Every structure is written in structure tokens, then in C-alpha cells.
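Because the structure is a prediction, the values reported are computed rather than measured.
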Amino acid sequence: MAQIKLTGRVVYPGDFGWDDARKGFNQRFDVQPKAVVFCQNARDVANAVLWARENGVPFRARSGRHSYEGYSLVQDGLVIDLSDLDNVSVNREQRIAQIGAGIHMLELSEWLGQVNVTIPLATGPTVGLAGLTLGGGFGLTSRKYGLTCDNLIGLELVDAEGRVRIASEFRHPDLFWACKGGGGGNFGIVTRFFFRVHPVSFAVAFMAQWDWSQFEAVVAAWQDWAWGVDNDVSTALQLTVTKTVKLYGLYTPDDPADLPKAQQLLAPLLQAVPPPSLPGNPTVQPLPFNVATRLFYGEGGKTVNPEDPVWDVIVHDDQQIYKSTSAAALEPFSAEAIGILKHYLENVPPLEQPPVQPSMVQLLGGGGRAAQTDPASSAVHLRQARFIVQYDGFWAADADGQETIDWIRDFRNALLPHTAGAYVNYVDSNIPDPLQAYYGPNLPRLVEVKRKYDPHNVFNFPQSIPVSLP
């Protein structure tokens, strides 16, 4: 039997660009793999899997490098990087796109924007498509188009034997179901997605800020308004330890003639809790859809409104150190829960060195098409969440790390009586019983699919789906 060789662009320790090649998005993790292989096609991926197995080397798949716990890296192992699989092909008449699994959000948005179509995209510019889709995919158009995985009609996957499989509703439907919300890296390595795309031309990007004294009123009003507003509106509420309260979102009507309705749709919230009267607050701006997307990715906002700082939405930066976690609010937060939320944001541990990005909580609005989709169609079990709670703790000095991690853990635990589960794309090594938190009642079926398609547990990492339950 011929010895398997790595193919593609292989980078080893000592090679030019090694540090850039080996690092992930979260600078908290300093991992030294044996090699990183940047795959150019599915055959490179298959060769990498077979080479790792033949040589007894652990491996991990990587798309956008955004695993919050660094699970897409492996010490003394092989990182199978998909970022060169970034091709996009769109049949606009059939409204179908073939998209490489390694493409990042900003690049994908620009390619799709050239032909005026979209799919539900993540809120960060460097998030990889594979991780987003395989974990479900909540984003700023989820209420209109559903989750990212809801728009998936097929995928190409390399299995543990190096075979290339196509999964859809008609071929390996159990595998297809599991890959829609069952998390990345559990059943194989996806190399290509087939999506149903949506025509889009213009959108309204909007933002508003409130004083900290309005905190309780804003959260209470937002959570009711965001759940019941028109499905064409998707929003998030950003609450930071520097005492800022910021709303941001998109209104994406089918007919550009409806763009002026944005003011009417926002009015119930803005009238219930009027924001301070400041220049550009609130900002409600009709824009070409891909320009609006750039705003939220931190690209091009200044050229749209150069004197308006309200457009500075910075969620993460590629050189930051952080700890994140999540939970779902299945019911509106009570006054008690809102009080806990405010208490922890006002009592962050003192830092020796302030980070560029302040620690925060983001409430990502649910409902709409995401909640109306048949729960049995995918492995996502948090569809009925009124909002996803994302907790983000940032620091710059090593001495501040453990206290910030402890603060995030205690923050999430304090709100557990008012929340449920966790979102698998915000993996957290501190969550007790993480698989139950991520997958809920879908876990037994996911284990069955794992046992069928990867019986030897070749694709494994901390918190991966096992071949049997305890």
C-alpha cells in the first residue's frame, strides 16, 4: 500500500509565516502543531485525514479560526485549514450558490453582493462559513431568512475513510440533519456547501444609544419589541462594562419601496424609551445591502457617515484575548434577571491594563423565521429563544485573565435560573454537561449519526459528540 502524502500548501515550524499559520482567532491559546495544511480541494482534505490516521497524528479541522476555546488547534498535531476553499458560484435564476467551506463572512458578503443575493451571515467579518453553518447560524438576518443552516440544501464532506460524500435531504439525510446544528468537526470535514440564496438589494442599517440610567427600561422594552417586530427586522442589544447601551440591526424588506417603513417599525421602541438627543442618535440609514453589511463588519462605515461615531460596532478583533460563553432566554427577562445583568456589568474585576474592547453582554434577538422553522428539520434546539445571551470578557495583561474568566463564569451561573442551554458556536470549556447544553433532546440522535458515520471516533476534540452516551 502506497504511503499517503500531504498535499496542498503545507507549512511547518520554522517556515516563513509559521506563526500566522498556526495561530487562532483567540490569542489566549498558544498552540504548536506539527504542521498546518492549507487545502486547495477535497482531495487535499482527504489526504490530510488519511495521512494523520496512518501516522497516528491527532488532527483538527479549521475554517475561520473562531473556536472560542481553540478547539480548531491541536498541540503536536495536524491542523487541516480550509481557508483556501473560498470559491463562490451563484446560479441566480435557480437561486442556488455553491460556496467553499473556508470562506470568511466579509469576503462572502462581497461576492454575493455582486449579484444581489445573500444568505444569513454572521456578525463578524472573519467568521468562517463552516463553523457558522454547522453550529446553526444566528445572525443579523436570521429573523427574515432563518438560521444559516435553514438555507442549506446540500454539502460535500470528507469522512473518516477519506471518502467524499454528498449529503442532502435525498442522500444521507441523517448526516445532513446532523450537520445542520450538530457542530463543526463531529462527523467529517465539510469542504463545500450548497445554499438557497435570497435576492436582496437595499437595507436599512440602524443604531441607537441610551444612557446607563435607562438600562432597565431599554432591556425590558427591547426584548418585547425585538420578538414581535416585523420579521424583516433583526437586532441585537450591546451592553458593555463601560456603561454603554447600544442597539444595532438591519431592516431588509423585499421591496426597496418599503425602506421608509423602518422609522415606523422602530418607533414603538424609541417612543417607549427615548434615546438621548445627540447628533446621529438614532441613526437610520438606507444603504445598498452589502454596504450595510460592511458597517457591521467595521469596513467602510466611516465613508458612509464620517462624523458619526455611533457606527463603531466592534464585536471582536483578531488580536484580542477573551473568554466567551452563552445561554438562551426562552422567556422574557424578569426585573430580577435584568437586575442581575446590570449588577455584573457594573462589577467587573479591576484590570491592570484595559483591553481595546470592553467586556460586554450582547443580546441577539430571536423569533421570526428562525423560530417558525420546523424544529425537526435540524439539530438546533434553541429555535424558540427570545434571544441568545453572549457573554464576552476581554483582557490585555496576563494577570487579568483568571479573574475575567471567573467573572464570566459567575455571570452566566447567576443568570442560569432565567436562561437555558448554550449555543454550540460559543463553545465554553467551563460549562457542566456541555453536550446537553448545546444539543438538548437532539443529543441521542446525534450520537447515533456519529456512530454510523464515524464509528471509531476519528473526528474528536474536547466537547465533540461521542459514539456512545455514558
Side-chain angles (χ1 to χ4, degrees), residues 118 120-121 123 138-145 198 200-240 244-297 301 304-305 307-313 315 329 332-333 338 360-372 385-388:
T118 192
L121 302 169
T123 55
F138 291 88
L140 277 179
T141 56
S142 298
R143 300 187 77 257
K144 181 176 180 66
Y145 301 123
H198 304 275
V200 66
S201 54
F202 284 84
V204 175
F206 56 85
M207 289 193 184
Q209 295 187 97
W210 287 267
D211 290 333
W212 195 250
S213 62
Q214 299 173 286
F215 183 100
E216 292 90 345
V218 173
V219 175
W222 172 84
Q223 65 182 346
D224 290 333
W225 169 81
W227 177 259
V229 73
D230 191 294
N231 284 5
D232 290 350
V233 178
S234 293
T235 73
L237 197 63
Q238 187 183 93
L239 313 166
T240 74
T244 64
V245 178
K246 181 183 290 184
L247 168 79
Y248 61 92
L250 283 176
Y251 167 53
T252 316
D254 292 327
D255 187 346
D258 290 332
L259 290 171
K261 277 183 60 180
Q263 298 279 3
Q264 175 187 338
L265 293 169
L266 288 166
L269 175 63
L270 301 179
Q271 291 171 3
V273 191
S277 181
L278 300 169
N281 190 35
T283 294
V284 183
Q285 193 159 10
L287 295 164
F289 182 81
N290 62 331
V291 175
T293 303
R294 285 181 210 144
L295 289 178
F296 297 106
Y297 290 162
V304 176
N305 200 343
E307 297 181 357
D308 186 4
V310 77
W311 284 119
D312 291 341
V313 178
V315 179
F333 270 2
I338 295 173
M360 69 174 77
V361 163
Q362 295 198 90
L363 309 181
L364 311 175
R369 183 67 59 83
Q372 295 159 2
R386 295 184 76 95
F387 50 90
I388 299 294

Nearest-0.5 Å distance, [atom1] of residue [X] to [atom2] of residue [Y]:
X: N231; Y: T141; atom1: CG; atom2: OG1; value: 12.0 Å
X: L287; Y: R294; atom1: CG; atom2: CZ; value: 10.0 Å
X: F138; Y: L140; atom1: CZ; atom2: CG; value: 13.0 Å
X: T244; Y: M360; atom1: OG1; atom2: CE; value: 7.5 Å
X: L247; Y: L363; atom1: CG; atom2: CG; value: 11.0 Å
X: L121; Y: L250; atom1: CG; atom2: CG; value: 10.0 Å

Exercise for the section: Begin from the C-alpha positions of V284 and V204 and carry the test side-chain contact (heavy atoms from CB on, under 4.5 Å) through to its verdict. Expected result: CA-CA 7 Å; V284 183; V204 175; 3.5 Å; yes

Exercise for the section: Over all heavy atoms of both residues, which pair between L259 and P286 is shortest? Give the atoms and the distance, please. Expected result: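 Minimum heavy-atom separation between L259 and P286: CD1-CB, 4.3 Å.
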
Exercise for the section: Might you point out which heavy atoms bring F296 and G249 nearest each other, and give the distance in Å? Expected result: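 What the structure gives for the nearest pair is CZ-O, 3.3 Å.
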
Handout entry: By side chain to side chain donor-acceptor pair (under 3.5 Å) - contacts of W225 (at least two apart)
Key =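 By the side chain to side chain donor-acceptor pair (under 3.5 Å) rule, W225 matches no residue at all.
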
Exercise for the section: Check side chain to side chain donor-acceptor pair (under 3.5 Å) between S142 and all other residues, then give those that pass, not counting sequence neighbours. Expected result: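 Expected list: none.
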
Problem - Pairs meeting criterion salt bridge (charged side-chain N to carboxylate O under 4.0 Å, His left out) with involvement of residues 267-293, two or more places apart - result: none

Fill in the blank from the handout: residues 249-268 vs salt bridge (charged side-chain N to carboxylate O under 4.0 Å, His left out), sequence neighbours excluded, gives K144-D254

Exercise for the section: Before giving the answer on side-chain contact (heavy atoms from CB on, under 4.5 Å), spell out for F206 and L270 the whole-Å C-alpha distance, their side-chain angles and the decisive distance to 0.1 Å. Expected result: CA-CA 12 Å; F206 56 85; L270 301 179; over 6 Å; no

Handout entry: Worked check of side-chain contact (heavy atoms from CB on, under 4.5 Å) between Y145 and T252
Key = CA-CA 10 Å; Y145 301 123; T252 316; 3.9 Å; yes

Donor-acceptor pair, distance only, cut-off 3.5 Å: does the side chain of [X] make one with the backbone of [Y]?
X: W210; Y: V218; value: no
X: N281; Y: P276; value: yes
X: R143; Y: S234; value: no
X: D230; Y: D232; value: yes

Practice task
Show your reasoning for whether side-chain contact (heavy atoms from CB on, under 4.5 Å) applies to Y251 and Q263.
Solution key: CA-CA 10 Å; Y251 167 53; Q263 298 279 3; over 6 Å; no

Exercise for the section: Using salt bridge (Lys or Arg N to Asp or Glu O under 4.0 Å) as the criterion, list what pairs up with R386, not counting sequence neighbours. Expected result: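 With sequence neighbours excluded, R386 shows a salt bridge (Lys or Arg N to Asp or Glu O under 4.0 Å) to D224, given in chain and number order.
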
Exercise for the section: Please determine which of F215, W222, F387, W227 meets the ring pair (Phe, Tyr, Trp, His ring centres under 6.0 Å) test together with F333. Expected result: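 Of the listed options, the one satisfying the test is F387.
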
Problem - Partner set under side-chain contact (heavy atoms from CB on, under 4.5 Å) for P274, not counting sequence neighbours - result: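 For P274 there are no side-chain contact (heavy atoms from CB on, under 4.5 Å) partners, ignoring immediate neighbours.
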
